[in-house]
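Below, each value reflects all heavy atoms present in this structure, side chains not excepted, and no hydrogens, waters or symmetry copies.
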Amino acid sequence: MEAMGIIGFIFGLAGLSYATTAKRDIAELKQEFEDFKASIESPDK
C-alpha cells in the first residue's frame, strides 16, 4: 500500500511539473501574440 502512495506522489509531482511548464509556455505564447498584433496594428495608424 505504501508503494502505491509513493507511485502516486511521483506521478503527482510529474503532473504538477508538466502543468506549470505548460502554463508558462502558454503565457509566453500569449505575450508573443499580443506583441505581434501590436506590430501589425502600428503601421496602419
Side-chain angles (χ1 to χ4, degrees):
M1 204 58 156
E2 186 176 327
M4 294 300 285
I6 292 170
I7 291 171
F9 180 73
I10 291 169
F11 278 110
L13 284 179
L16 180 64
S17 174
Y18 176 77
T20 54
T21 301
K23 184 178 178 182
R24 187 184 69 236
D25 289 347
I26 289 171
E28 289 175 7
L29 285 173
K30 281 184 180 179
Q31 184 62 43
E32 287 179 19
F33 180 68
E34 291 299 323
D35 293 344
F36 180 66
K37 279 196 331 188
S39 71
I40 289 175
E41 293 172 355
S42 297
D44 295 343
K45 293 183 179 177

Expected list for residues 22-37: side-chain donor-acceptor pairs under 3.5 angstrom, two or more places apart:
unit_1 : atom_1 : unit_2 : atom_2 : d
Gln31  : NE2    : Asp35  : OD1    : 3.1

field: All side chain to side chain contact (heavy atoms under 4.5 Å, CB included) counterparts of Ile6, not counting sequence neighbours
entry: Glu2, Ile10
field: Partner residues of Ser17 under the side chain to side chain contact (heavy atoms under 4.5 Å, CB included) criterion, sequence neighbours left out
entry: Thr21
Rest of the hydrophobic cluster containing [X] (Ile/Leu/Val/Met/Phe/Trp/Tyr, side-chain heavy atoms under 4.5 Å)?
| X | answer |
| --- | --- |
| Tyr18 | none |
| Met1 | none |
| Phe11 | Ile7 |

